[in-house]
Peer 1: 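Encoded as C-alpha coordinates, here's the structure I'll be asking about.
Here is the naming used below: chain letters follow the sequence lines, and residue numbers restart at 1 for every chain.
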Number of protein chains: 2
Amino acid sequence: MVHNLDVSLVCDLPPFMGMAEQEIADLLAQARAVRYPKGKNIFSQGEKAGNFFLLLDGHIQVVKLTQGGEQVVPRYMSPGELFGIARALRLDAYPASAVAAVDCVVLIWPNAIWDDLVGRHPAFATNTYRIIGQRLTETQQQLAELATAKVEQRVANAILKLAKQTGRRTDEGVLIDFPVSRQDISEMTGTTLHTVSRLLSAWEQAGWVRSGRRKITLVEGHKIVLVANGESGGAA
Amino acid sequence: MVHNLDVSLVCDLPPFMGMAEQEIADLLAQARAVRYPKGKNIFSQGEKAGNFFLLLDGHIQVVKLTQGGEQVVPRYMSPGELFGIARALRLDAYPASAVAAVDCVVLIWPNAIWDDLVGRHPAFATNTYRIIGQRLTETQQQLAELATAKVEQRVANAILKLAKQTGRRTDEGVLIDFPVSRQDISEMTGTTLHTVSRLLSAWEQAGWVRSGRRKITLVEGHKIVLVANGESGGAA
DNA sequence: GGGGGATTTTGCGGTTGCGCAACCAGTAGA
DNA sequence: TCTACTGGTTGCGCAACCGCAAAATCCCCC
(Lines give C-alpha, C1' and ligand atoms only; values in the text may rest on other atoms or scores of the structure.)
Protein backbone atom coordinates (compact mmCIF):
# COMPACT_ATOMS: atom_id res chain seq x y z
CA MET A 1 0.00 0.00 0.00
CA VAL A 2 2.77 2.39 0.88
CA HIS A 3 5.34 2.46 -1.86
CA ASN A 4 7.64 5.33 -1.16
CA LEU A 5 8.04 4.80 2.58
CA ASP A 6 11.21 3.37 3.97
CA VAL A 7 11.59 1.66 7.29
CA SER A 8 14.50 3.94 8.07
CA LEU A 9 12.15 6.91 8.10
CA VAL A 10 10.17 5.68 11.04
CA CYS A 11 12.25 3.11 12.87
CA ASP A 12 13.65 5.64 15.33
CA LEU A 13 10.28 7.03 16.35
CA PRO A 14 9.15 6.32 19.90
CA PRO A 15 6.20 4.12 18.91
CA PHE A 16 8.55 1.67 17.20
CA MET A 17 11.33 1.50 19.75
CA GLY A 18 12.49 -2.02 20.33
CA MET A 19 10.85 -3.44 17.23
CA ALA A 20 12.76 -5.39 14.63
CA GLU A 21 13.05 -3.90 11.15
CA GLN A 22 10.99 -6.70 9.73
CA GLU A 23 8.22 -6.04 12.20
CA ILE A 24 8.15 -2.39 11.26
CA ALA A 25 8.12 -3.23 7.61
CA ASP A 26 5.11 -5.49 8.16
CA LEU A 27 3.35 -2.67 9.91
CA LEU A 28 4.10 -0.15 7.20
CA ALA A 29 2.83 -2.54 4.60
CA GLN A 30 -0.62 -2.28 6.12
CA ALA A 31 -0.69 1.50 6.30
CA ARG A 32 -1.68 4.08 3.80
CA ALA A 33 -0.17 7.55 3.75
CA VAL A 34 -2.46 10.53 3.38
CA ARG A 35 -1.77 14.21 3.08
CA TYR A 36 -4.07 16.66 4.86
CA PRO A 37 -4.03 20.32 3.95
CA LYS A 38 -3.83 22.93 6.66
CA GLY A 39 -7.12 23.37 8.49
CA LYS A 40 -8.56 20.03 7.46
CA ASN A 41 -10.29 17.81 10.00
CA ILE A 42 -8.62 14.43 10.22
CA PHE A 43 -11.34 13.07 12.44
CA SER A 44 -14.03 14.60 14.59
CA GLN A 45 -15.08 14.26 18.17
CA GLY A 46 -17.86 11.72 18.59
CA GLU A 47 -17.18 10.08 15.24
CA LYS A 48 -16.99 6.30 15.29
CA ALA A 49 -13.32 5.40 15.64
CA GLY A 50 -12.36 3.37 12.60
CA ASN A 51 -8.65 4.10 12.22
CA PHE A 52 -5.55 5.01 14.11
CA PHE A 53 -2.85 7.35 12.94
CA LEU A 54 0.79 8.29 12.99
CA LEU A 55 1.84 11.85 12.26
CA LEU A 56 4.77 11.80 9.86
CA ASP A 57 5.04 15.48 9.10
CA GLY A 58 3.32 18.65 10.23
CA HIS A 59 1.49 19.59 13.41
CA ILE A 60 -1.91 18.64 14.67
CA GLN A 61 -4.22 20.49 16.95
CA VAL A 62 -6.41 18.45 19.27
CA VAL A 63 -9.76 20.15 19.76
CA LYS A 64 -12.33 19.29 22.35
CA LEU A 65 -15.82 20.74 22.26
CA THR A 66 -17.58 21.41 25.55
CA GLN A 67 -21.25 20.94 26.25
CA GLY A 68 -21.67 24.67 25.99
CA GLY A 69 -20.27 24.61 22.47
CA GLU A 70 -16.94 26.20 23.30
CA GLN A 71 -13.63 24.92 22.07
CA VAL A 72 -10.69 23.80 24.15
CA VAL A 73 -7.28 22.78 22.84
CA PRO A 74 -5.72 20.28 25.24
CA ARG A 75 -2.61 19.67 23.15
CA TYR A 76 -0.69 19.95 19.91
CA MET A 77 1.07 17.02 18.33
CA SER A 78 4.37 16.77 16.55
CA PRO A 79 5.81 14.37 13.98
CA GLY A 80 6.37 10.85 15.26
CA GLU A 81 3.34 10.80 17.52
CA LEU A 82 0.55 8.26 17.39
CA PHE A 83 -2.95 9.66 17.61
CA GLY A 84 -6.54 8.60 17.32
CA ILE A 85 -5.67 5.44 19.21
CA ALA A 86 -9.12 5.14 20.70
CA ARG A 87 -8.98 1.41 20.11
CA ALA A 88 -6.15 1.00 22.60
CA LEU A 89 -8.52 2.19 25.31
CA ARG A 90 -11.57 0.43 23.94
CA LEU A 91 -13.29 3.68 23.11
CA ASP A 92 -15.85 3.39 20.35
CA ALA A 93 -15.70 7.03 19.34
CA TYR A 94 -12.94 9.60 19.16
CA PRO A 95 -13.07 11.71 22.32
CA ALA A 96 -11.79 14.83 20.54
CA SER A 97 -11.17 16.16 17.05
CA ALA A 98 -7.85 16.32 15.24
CA VAL A 99 -7.20 19.26 12.94
CA ALA A 100 -4.17 19.82 10.73
CA ALA A 101 -2.46 22.97 12.01
CA VAL A 102 -0.31 22.99 8.87
CA ASP A 103 -0.13 20.69 5.89
CA CYS A 104 0.37 17.23 7.32
CA VAL A 105 1.37 13.78 6.21
CA VAL A 106 -0.21 10.99 8.16
CA LEU A 107 -0.08 7.20 8.17
CA ILE A 108 -3.42 5.51 8.63
CA TRP A 109 -4.21 2.00 9.80
CA PRO A 110 -7.64 0.45 10.20
CA ASN A 111 -8.58 -0.38 13.77
CA ALA A 112 -9.39 -3.88 12.63
CA ILE A 113 -5.73 -4.77 12.74
CA TRP A 114 -5.12 -3.29 16.20
CA ASP A 115 -5.74 -6.31 18.38
CA ASP A 116 -3.71 -8.56 16.19
CA LEU A 117 -1.01 -5.93 16.06
CA VAL A 118 -0.51 -5.52 19.79
CA GLY A 119 -0.74 -9.27 20.23
CA ARG A 120 1.99 -9.89 17.72
CA HIS A 121 4.28 -7.00 18.66
CA PRO A 122 4.59 -6.67 22.41
CA ALA A 123 7.11 -3.85 22.06
CA PHE A 124 4.58 -1.83 20.13
CA ALA A 125 1.96 -2.43 22.79
CA THR A 126 4.35 -1.35 25.51
CA ASN A 127 5.31 1.78 23.64
CA THR A 128 1.69 2.67 23.04
CA TYR A 129 0.71 2.36 26.65
CA ARG A 130 3.72 4.34 27.72
CA ILE A 131 2.61 7.13 25.43
CA ILE A 132 -0.90 7.03 26.82
CA GLY A 133 0.51 7.17 30.31
CA GLN A 134 2.53 10.24 29.47
CA ARG A 135 -0.49 11.94 27.98
CA LEU A 136 -2.69 11.12 30.92
CA THR A 137 -0.07 12.46 33.29
CA GLU A 138 0.32 15.57 31.20
CA THR A 139 -3.42 16.13 31.04
CA GLN A 140 -3.70 15.83 34.80
CA GLN A 141 -0.82 18.23 35.15
CA GLN A 142 -2.62 20.69 32.96
CA LEU A 143 -5.80 20.27 34.95
CA ALA A 144 -3.93 21.10 38.12
CA GLU A 145 -2.30 24.10 36.54
CA LEU A 146 -5.58 25.40 35.18
CA ALA A 147 -7.12 25.02 38.59
CA THR A 148 -4.44 26.86 40.51
CA ALA A 149 -2.29 29.10 38.31
CA LYS A 150 -3.35 32.52 37.17
CA VAL A 151 -3.91 33.46 33.54
CA GLU A 152 -0.51 35.07 33.11
CA GLN A 153 1.25 31.89 34.22
CA ARG A 154 -0.91 29.65 32.11
CA VAL A 155 -0.30 31.64 28.96
CA ALA A 156 3.43 31.70 29.63
CA ASN A 157 3.40 27.96 30.15
CA ALA A 158 1.46 27.32 26.98
CA ILE A 159 3.92 29.31 24.92
CA LEU A 160 6.88 27.62 26.54
CA LYS A 161 5.38 24.22 25.85
CA LEU A 162 4.82 25.05 22.21
CA ALA A 163 8.32 26.43 21.89
CA LYS A 164 9.81 23.35 23.48
CA GLN A 165 7.78 21.04 21.29
CA THR A 166 8.19 22.78 17.99
CA GLY A 167 10.65 25.62 18.54
CA ARG A 168 13.11 26.46 15.79
CA ARG A 169 16.08 28.68 16.50
CA THR A 170 16.27 31.85 14.41
CA ASP A 171 18.55 34.82 14.80
CA GLU A 172 15.87 36.55 16.82
CA GLY A 173 15.22 33.69 19.20
CA VAL A 174 13.08 30.57 19.31
CA LEU A 175 10.25 30.64 16.80
CA ILE A 176 7.13 28.53 17.20
CA ASP A 177 7.17 26.66 13.95
CA PHE A 178 3.55 26.80 12.92
CA PRO A 179 0.83 29.41 12.91
CA VAL A 180 -0.72 29.98 16.34
CA SER A 181 -3.34 32.64 16.77
CA ARG A 182 -4.22 34.47 19.96
CA GLN A 183 -7.45 32.58 19.79
CA ASP A 184 -5.60 29.26 19.77
CA ILE A 185 -3.63 30.19 22.84
CA SER A 186 -6.73 31.36 24.62
CA GLU A 187 -8.31 27.97 23.91
CA MET A 188 -5.29 26.24 25.37
CA THR A 189 -5.35 28.28 28.54
CA GLY A 190 -9.01 28.86 29.20
CA THR A 191 -9.06 32.59 28.74
CA THR A 192 -10.03 35.08 26.02
CA LEU A 193 -8.04 36.14 22.99
CA HIS A 194 -8.13 39.69 24.35
CA THR A 195 -6.29 38.80 27.48
CA VAL A 196 -3.73 36.81 25.50
CA SER A 197 -3.22 39.74 23.19
CA ARG A 198 -2.69 42.11 26.08
CA LEU A 199 -0.19 39.81 27.75
CA LEU A 200 1.78 39.28 24.56
CA SER A 201 1.80 43.00 23.91
CA ALA A 202 3.17 43.64 27.37
CA TRP A 203 5.88 41.00 26.92
CA GLU A 204 6.73 42.42 23.55
CA GLN A 205 7.06 45.87 25.10
CA ALA A 206 9.43 44.37 27.60
CA GLY A 207 11.39 42.78 24.77
CA TRP A 208 10.79 39.21 25.95
CA VAL A 209 8.96 38.05 22.82
CA ARG A 210 8.37 39.15 19.28
CA SER A 211 5.01 38.31 17.84
CA GLY A 212 2.89 39.02 14.85
CA ARG A 213 0.11 37.54 12.88
CA ARG A 214 -0.09 33.89 14.00
CA LYS A 215 3.59 33.98 14.80
CA ILE A 216 5.42 34.05 18.12
CA THR A 217 9.15 34.18 18.80
CA LEU A 218 10.66 33.79 22.23
CA VAL A 219 13.47 36.29 22.60
CA GLU A 220 14.17 35.96 26.31
CA GLY A 221 12.80 32.60 27.26
CA HIS A 222 14.09 32.76 30.80
CA LYS A 223 11.91 35.78 31.49
CA ILE A 224 8.88 33.86 30.33
CA VAL A 225 9.88 30.98 32.55
CA LEU A 226 9.83 33.38 35.48
CA VAL A 227 6.34 34.49 34.56
CA ALA A 228 5.25 30.86 34.25
CA ASN A 229 6.51 30.19 37.76
CA GLY A 230 4.76 33.24 39.10
CA GLU A 231 8.06 34.76 40.12
CA SER A 232 7.62 37.87 38.07
CA GLY A 233 5.31 40.80 38.58
CA GLY A 234 4.65 40.76 34.89
CA ALA A 235 5.78 43.37 32.41
CA ALA A 236 4.62 46.52 34.10
CA MET B 1 -3.01 -15.00 51.20
CA VAL B 2 -6.59 -13.86 51.33
CA HIS B 3 -8.64 -16.22 53.43
CA ASN B 4 -11.98 -14.61 53.99
CA LEU B 5 -12.56 -13.36 50.48
CA ASP B 6 -14.98 -15.06 48.23
CA VAL B 7 -15.02 -14.90 44.48
CA SER B 8 -18.67 -13.97 44.58
CA LEU B 9 -17.78 -10.72 46.29
CA VAL B 10 -15.82 -9.37 43.38
CA CYS B 11 -16.83 -11.31 40.29
CA ASP B 12 -19.42 -8.76 39.26
CA LEU B 13 -17.09 -5.79 39.46
CA PRO B 14 -16.17 -4.11 36.16
CA PRO B 15 -12.49 -5.07 36.30
CA PHE B 16 -13.42 -8.76 36.29
CA MET B 17 -16.13 -8.77 33.68
CA GLY B 18 -15.80 -11.67 31.30
CA MET B 19 -13.38 -13.62 33.48
CA ALA B 20 -13.99 -17.17 34.55
CA GLU B 21 -14.47 -17.85 38.25
CA GLN B 22 -11.29 -19.84 38.34
CA GLU B 23 -9.33 -16.97 36.84
CA ILE B 24 -10.67 -14.60 39.45
CA ALA B 25 -9.89 -17.05 42.19
CA ASP B 26 -6.29 -17.26 40.96
CA LEU B 27 -6.09 -13.50 41.03
CA LEU B 28 -7.51 -13.22 44.52
CA ALA B 29 -5.07 -15.81 45.74
CA GLN B 30 -2.23 -13.45 44.97
CA ALA B 31 -3.75 -10.42 46.68
CA ARG B 32 -3.61 -9.26 50.22
CA ALA B 33 -6.40 -7.26 51.79
CA VAL B 34 -5.51 -4.21 53.84
CA ARG B 35 -7.63 -1.82 55.84
CA TYR B 36 -6.76 1.87 55.79
CA PRO B 37 -8.21 4.21 58.37
CA LYS B 38 -9.77 7.48 57.29
CA GLY B 39 -7.20 10.06 56.30
CA LYS B 40 -4.40 7.57 55.71
CA ASN B 41 -2.22 7.87 52.61
CA ILE B 42 -2.35 4.68 50.58
CA PHE B 43 0.41 5.86 48.31
CA SER B 44 1.97 9.20 47.50
CA GLN B 45 2.63 11.14 44.36
CA GLY B 46 6.14 10.55 43.06
CA GLU B 47 6.58 7.37 45.07
CA LYS B 48 7.96 4.43 43.14
CA ALA B 49 5.01 2.40 41.98
CA GLY B 50 5.31 -1.06 43.51
CA ASN B 51 1.71 -2.22 43.75
CA PHE B 52 -1.68 -1.87 42.23
CA PHE B 53 -4.96 -1.78 44.09
CA LEU B 54 -8.64 -2.53 44.07
CA LEU B 55 -10.97 -0.61 46.34
CA LEU B 56 -13.33 -3.04 48.06
CA ASP B 57 -14.99 -0.72 50.50
CA GLY B 58 -14.88 2.98 51.28
CA HIS B 59 -13.99 6.01 49.23
CA ILE B 60 -10.68 7.31 48.05
CA GLN B 61 -9.62 10.82 47.26
CA VAL B 62 -7.07 11.28 44.50
CA VAL B 63 -4.80 14.22 45.29
CA LYS B 64 -2.43 15.89 42.90
CA LEU B 65 0.14 18.41 44.10
CA THR B 66 1.06 21.27 41.81
CA GLN B 67 4.50 22.75 41.39
CA GLY B 68 3.36 25.66 43.49
CA GLY B 69 2.52 23.28 46.32
CA GLU B 70 -1.23 23.56 46.02
CA GLN B 71 -3.54 20.59 46.08
CA VAL B 72 -5.97 19.55 43.40
CA VAL B 73 -8.49 16.72 43.64
CA PRO B 74 -9.14 15.33 40.17
CA ARG B 75 -11.45 12.55 41.32
CA TYR B 76 -12.93 10.39 44.03
CA MET B 77 -13.13 6.64 43.74
CA SER B 78 -15.81 4.21 44.79
CA PRO B 79 -15.81 0.52 45.63
CA GLY B 80 -14.99 -1.77 42.74
CA GLU B 81 -12.50 0.55 41.09
CA LEU B 82 -8.92 -0.31 40.29
CA PHE B 83 -6.36 2.33 41.19
CA GLY B 84 -2.65 2.87 41.34
CA ILE B 85 -2.36 0.98 38.05
CA ALA B 86 0.73 2.92 37.00
CA ARG B 87 2.22 -0.28 35.68
CA ALA B 88 -0.45 -0.55 32.99
CA LEU B 89 0.88 2.68 31.51
CA ARG B 90 4.52 1.91 32.19
CA LEU B 91 4.81 4.72 34.70
CA ASP B 92 7.56 4.21 37.24
CA ALA B 93 6.05 6.43 39.86
CA TYR B 94 2.50 7.17 40.98
CA PRO B 95 1.37 10.39 39.30
CA ALA B 96 -0.86 11.38 42.23
CA SER B 97 -1.55 10.42 45.83
CA ALA B 98 -4.42 8.28 47.09
CA VAL B 99 -5.95 9.13 50.44
CA ALA B 100 -8.66 7.22 52.28
CA ALA B 101 -11.64 9.56 52.54
CA VAL B 102 -13.23 7.15 55.01
CA ASP B 103 -12.11 3.84 56.44
CA CYS B 104 -11.30 1.69 53.43
CA VAL B 105 -10.65 -1.91 52.57
CA VAL B 106 -8.31 -2.45 49.69
CA LEU B 107 -6.86 -5.40 47.81
CA ILE B 108 -3.18 -5.08 46.95
CA TRP B 109 -1.15 -6.87 44.30
CA PRO B 110 2.54 -6.43 43.60
CA ASN B 111 3.33 -4.91 40.21
CA ALA B 112 5.63 -7.84 39.58
CA ILE B 113 2.68 -9.98 38.62
CA TRP B 114 1.13 -7.39 36.30
CA ASP B 115 2.66 -8.37 32.99
CA ASP B 116 2.02 -12.03 33.55
CA LEU B 117 -1.50 -11.19 34.63
CA VAL B 118 -2.54 -9.23 31.56
CA GLY B 119 -0.83 -11.81 29.37
CA ARG B 120 -2.75 -14.64 30.92
CA HIS B 121 -6.12 -12.93 31.27
CA PRO B 122 -6.99 -10.96 28.15
CA ALA B 123 -10.38 -10.02 29.54
CA PHE B 124 -8.70 -8.37 32.49
CA ALA B 125 -6.39 -6.43 30.21
CA THR B 126 -9.31 -5.25 28.11
CA ASN B 127 -11.26 -4.19 31.16
CA THR B 128 -8.28 -2.30 32.52
CA TYR B 129 -7.68 -0.35 29.37
CA ARG B 130 -11.35 0.44 29.07
CA ILE B 131 -11.23 1.91 32.55
CA ILE B 132 -8.19 3.98 31.71
CA GLY B 133 -9.91 5.22 28.59
CA GLN B 134 -12.91 6.30 30.59
CA ARG B 135 -10.71 8.12 33.06
CA LEU B 136 -8.73 9.87 30.37
CA THR B 137 -11.93 10.97 28.68
CA GLU B 138 -13.32 12.15 31.97
CA THR B 139 -10.16 14.06 32.83
CA GLN B 140 -10.22 15.80 29.47
CA GLN B 141 -13.85 16.61 30.02
CA GLN B 142 -13.00 18.14 33.32
CA LEU B 143 -10.19 20.13 31.78
CA ALA B 144 -12.58 21.55 29.22
CA GLU B 145 -15.10 22.37 31.89
CA LEU B 146 -12.54 24.07 34.07
CA ALA B 147 -11.40 26.11 31.11
CA THR B 148 -14.81 27.33 30.06
CA ALA B 149 -17.40 27.07 32.80
CA LYS B 150 -17.74 29.58 35.61
CA VAL B 151 -17.18 28.76 39.24
CA GLU B 152 -20.85 28.36 40.04
CA GLN B 153 -21.27 25.75 37.32
CA ARG B 154 -18.14 23.88 38.29
CA VAL B 155 -19.16 23.62 41.92
CA ALA B 156 -22.63 22.46 40.96
CA ASN B 157 -21.12 19.84 38.67
CA ALA B 158 -18.72 18.60 41.31
CA ILE B 159 -21.53 18.11 43.80
CA LEU B 160 -23.69 16.37 41.24
CA LYS B 161 -20.86 14.06 40.34
CA LEU B 162 -20.27 13.14 43.95
CA ALA B 163 -23.95 12.60 44.51
CA LYS B 164 -24.24 10.39 41.46
CA GLN B 165 -21.19 8.38 42.46
CA THR B 166 -21.89 7.94 46.11
CA GLY B 167 -25.32 9.36 46.76
CA ARG B 168 -27.57 7.66 49.27
CA ARG B 169 -31.27 8.46 49.45
CA THR B 170 -32.50 9.78 52.74
CA ASP B 171 -35.84 11.32 53.63
CA GLU B 172 -34.37 14.77 53.04
CA GLY B 173 -32.86 14.00 49.64
CA VAL B 174 -29.67 12.54 48.26
CA LEU B 175 -26.84 12.54 50.77
CA ILE B 176 -23.21 12.41 49.74
CA ASP B 177 -22.08 9.36 51.61
CA PHE B 178 -18.76 10.46 52.98
CA PRO B 179 -17.37 13.59 54.60
CA VAL B 180 -16.60 16.35 52.10
CA SER B 181 -15.38 19.70 53.33
CA ARG B 182 -15.72 23.03 51.54
CA GLN B 183 -11.98 22.83 51.12
CA ASP B 184 -12.29 19.50 49.31
CA ILE B 185 -14.83 20.88 46.88
CA SER B 186 -12.71 23.94 46.25
CA GLU B 187 -9.81 21.64 45.38
CA MET B 188 -12.00 19.76 42.94
CA THR B 189 -13.15 22.92 41.21
CA GLY B 190 -10.17 25.21 41.32
CA THR B 191 -11.60 27.86 43.57
CA THR B 192 -11.44 28.83 47.25
CA LEU B 193 -13.30 27.37 50.17
CA HIS B 194 -14.80 30.82 50.72
CA THR B 195 -16.50 30.88 47.37
CA VAL B 196 -17.77 27.33 47.83
CA SER B 197 -19.15 28.25 51.21
CA ARG B 198 -20.94 31.27 49.79
CA LEU B 199 -22.46 29.26 46.97
CA LEU B 200 -23.64 26.47 49.25
CA SER B 201 -25.09 29.01 51.65
CA ALA B 202 -27.01 30.62 48.81
CA TRP B 203 -28.32 27.27 47.61
CA GLU B 204 -29.29 26.34 51.12
CA GLN B 205 -31.19 29.63 51.43
CA ALA B 206 -33.00 28.70 48.26
CA GLY B 207 -33.79 25.30 49.72
CA TRP B 208 -31.93 23.37 47.02
CA VAL B 209 -29.43 21.69 49.35
CA ARG B 210 -28.92 21.05 53.02
CA SER B 211 -25.38 21.07 54.24
CA GLY B 212 -23.43 21.00 57.41
CA ARG B 213 -20.08 20.04 58.74
CA ARG B 214 -18.54 17.91 55.99
CA LYS B 215 -21.99 16.85 54.90
CA ILE B 216 -24.03 17.78 51.85
CA THR B 217 -27.53 16.67 50.91
CA LEU B 218 -29.15 17.43 47.59
CA VAL B 219 -32.75 18.39 48.18
CA GLU B 220 -33.69 19.66 44.74
CA GLY B 221 -31.18 18.09 42.41
CA HIS B 222 -32.82 19.42 39.29
CA LYS B 223 -32.18 22.97 40.42
CA ILE B 224 -28.52 22.19 40.81
CA VAL B 225 -28.50 20.64 37.35
CA LEU B 226 -29.80 23.94 36.01
CA VAL B 227 -26.99 25.78 37.73
CA ALA B 228 -24.46 23.31 36.34
CA ASN B 229 -25.74 23.98 32.85
CA GLY B 230 -25.56 27.70 33.36
CA GLU B 231 -29.32 28.00 32.90
CA SER B 232 -29.94 29.57 36.22
CA GLY B 233 -29.12 33.02 37.50
CA GLY B 234 -28.06 31.43 40.75
CA ALA B 235 -29.89 31.81 44.00
CA ALA B 236 -30.41 35.53 44.17
C1' DG C 1 -2.86 47.51 -6.99
C1' DG C 2 -7.16 47.12 -4.64
C1' DG C 3 -10.66 45.00 -2.02
C1' DG C 4 -12.09 41.95 1.67
C1' DG C 5 -11.70 38.93 5.30
C1' DA C 6 -9.16 37.44 9.15
C1' DT C 7 -6.39 38.74 13.05
C1' DT C 8 -4.87 41.73 16.40
C1' DT C 9 -4.81 45.77 19.31
C1' DT C 10 -6.74 48.74 22.54
C1' DG C 11 -9.99 51.40 25.52
C1' DC C 12 -13.40 51.32 28.99
C1' DG C 13 -16.42 49.74 32.23
C1' DG C 14 -18.43 45.89 34.91
C1' DT C 15 -18.37 41.53 37.36
C1' DT C 16 -16.58 37.96 39.47
C1' DG C 17 -14.35 35.86 42.71
C1' DC C 18 -10.18 36.24 45.55
C1' DG C 19 -7.92 37.66 49.90
C1' DC C 20 -8.06 38.90 54.46
C1' DA C 21 -9.88 38.81 58.88
C1' DA C 22 -12.99 38.14 62.26
C1' DC C 23 -16.46 35.46 64.11
C1' DC C 24 -19.40 31.36 64.79
C1' DA C 25 -20.54 26.44 65.58
C1' DG C 26 -20.17 21.88 66.00
C1' DT C 27 -17.10 17.90 67.83
C1' DA C 28 -13.89 15.57 70.44
C1' DG C 29 -11.28 14.93 74.30
C1' DA C 30 -10.18 15.79 79.18
C1' DT D 1 -19.07 20.08 81.79
C1' DC D 2 -15.38 22.68 80.06
C1' DT D 3 -12.07 23.60 76.50
C1' DA D 4 -9.45 23.29 72.38
C1' DC D 5 -9.83 22.63 67.67
C1' DT D 6 -11.40 21.98 63.22
C1' DG D 7 -14.36 23.47 59.86
C1' DG D 8 -17.78 26.87 58.31
C1' DT D 9 -19.73 31.62 57.62
C1' DT D 10 -19.67 36.27 56.41
C1' DG D 11 -18.44 41.26 55.48
C1' DC D 12 -15.63 44.25 52.89
C1' DG D 13 -12.43 45.95 49.57
C1' DC D 14 -9.87 45.18 45.51
C1' DA D 15 -7.50 43.32 41.59
C1' DA D 16 -7.94 40.45 37.74
C1' DC D 17 -10.15 39.32 33.94
C1' DC D 18 -13.97 39.35 30.94
C1' DG D 19 -17.10 41.55 27.45
C1' DC D 20 -18.14 44.64 24.17
C1' DA D 21 -16.92 47.67 20.64
C1' DA D 22 -14.19 50.08 17.51
C1' DA D 23 -10.10 50.74 15.12
C1' DA D 24 -5.90 49.25 13.14
C1' DT D 25 -3.15 45.76 10.49
C1' DC D 26 -1.93 42.34 7.81
C1' DC D 27 -2.41 38.84 4.32
C1' DC D 28 -4.54 36.61 0.45
C1' DC D 29 -6.78 36.68 -3.74
C1' DC D 30 -8.55 38.84 -7.56
Peer 1: Please determine, for the side chain of B/Thr191, which listed nucleotide (D/dG7, C/dG17, D/dG19) has the closest atom?
Peer 2: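 Side chain of B/Thr191 sits closest to C/dG17.
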
Peer 1: Going by the angle between their ring planes, with limits at 30° and 60°, are B/Tyr94 and B/Phe43 parallel, tilted or perpendicular?
Peer 2: parallel

Peer 1: Send over the distance from A/Glu152 CD to D/dA15 P, rounded to a whole Å.
Peer 2: 15 Å

Peer 1: How many Å lie between CG on B/Leu200 and C1' on D/dG7, as a whole number?
Peer 2: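 Rounded to the whole Å, the gap is 13 Å.
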
Peer 1: Return whichever of B/Lys150 or B/Arg214 has its heavy-atom-nearest nucleotide of DNA chain D closer to the 5' end.
Peer 2: B/Arg214

Peer 1: Return the value, rounded to whole Å, for the distance between atom CZ of B/Arg210 and atom P of C/dG26.
Peer 2: 11 Å

Peer 1: Using the ring centroid of each side chain, check whether B/Phe178 and B/Tyr76 are separated by less than 6.0 Å.
Peer 2: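 That pair passes the under 6.0 Å test.
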
Peer 1: Go through C/dC18, C/dC12, C/dT9 for me and flag the one nearest to the B/Arg198 side chain.
Peer 2: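 Closest nucleotide among those given: C/dC18.
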
Peer 1: Taking the side chain of A/His194 as its heavy atoms from C-beta onward, which of C/dT8, C/dC20, C/dT10 lies nearest to it?
Peer 2: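 So the side chain of A/His194 is nearest to C/dT10.
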
Peer 1: What is the distance from NZ of B/Lys38 to C1' of C/dT27, rounded to the nearest Å?
Peer 2: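 Result: 11 Å.
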
Peer 1: Which nucleotide sits closest to the side chain of A/Ser197: C/dT10, C/dT7, D/dG8?
Peer 2: C/dT10

Peer 1: Let's see if you can work this out: which of D/dC27, C/dT8, D/dC18 has an atom nearest to the side-chain heavy atoms of A/Arg213?
Peer 2: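 Of all the options, the side chain of A/Arg213 is nearest to D/dC27.
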
Peer 1: May I have the distance from B/Ile185 (atom CD1) to D/dT9 (atom C1'), rounded to whole angstrom?
Peer 2: 15 Å

Peer 1: Compare the minimum distances between each of D/dG7, D/dT10, C/dT8 and the side chain of B/Ser201, then state the nucleotide with the smallest one.
Peer 2: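 It is D/dT10.
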
Peer 1: Below 4.0 angstrom from OP1 or OP2 of D/dG7, is there any side-chain N or O of B/Arg182?
Peer 2: no

Peer 1: Output yes when at least one side-chain N/O atom of B/Thr192 is less than 4.0 Å from OP1 or OP2 of C/dC18, else no.
Peer 2: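 Answer yes for this pair, as a side-chain N or O of B/Thr192 is under 4.0 Å from OP1 or OP2.
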
Peer 1: Can a salt bridge be assigned to the pair B/Glu138 and B/Lys161 using a cut-off of 4.0 Å between side-chain N and carboxylate O?
Peer 2: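 Looking at B/Lys161 together with B/Glu138, the answer is yes, because their closest N to O distance falls below 4.0 Å.
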
Peer 1: Are any of the side-chain nitrogens in B/Asp103 or B/Lys38 under 4.0 Å away from the carboxylate oxygens of its partner?
Peer 2: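 Salt bridge between B/Asp103 and B/Lys38, a charged N being under 4.0 Å from a carboxylate O: no.
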
Peer 1: Find the distance A/Leu199:CG to D/dC18:P and express it as a whole number of Å.
Peer 2: 9 Å

Peer 1: D/dC18, OP1 or OP2 - any side-chain N/O from A/Thr195 closer than 4.0 Å?
Peer 2: yes

Peer 1: To the nearest angstrom, how far is A/Glu70 atom CD from D/dC18 atom P?
Peer 2: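 In whole Å, D/dC18 P and A/Glu70 CD are 11 Å from each other.
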
Peer 1: In whole Å, what is the span from the CH2 atom of B/Trp203 to the P atom of D/dG8?
Peer 2: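 Rounded to the whole Å, the gap is 15 Å.
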
Peer 1: Is a side-chain donor or acceptor of A/Asp184 paired with a backbone partner of A/Ser181 at a separation under 3.5 angstrom?
Peer 2: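 Yes, A/Asp184 side chain to A/Ser181 backbone: donor-acceptor pair under 3.5 Å.
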
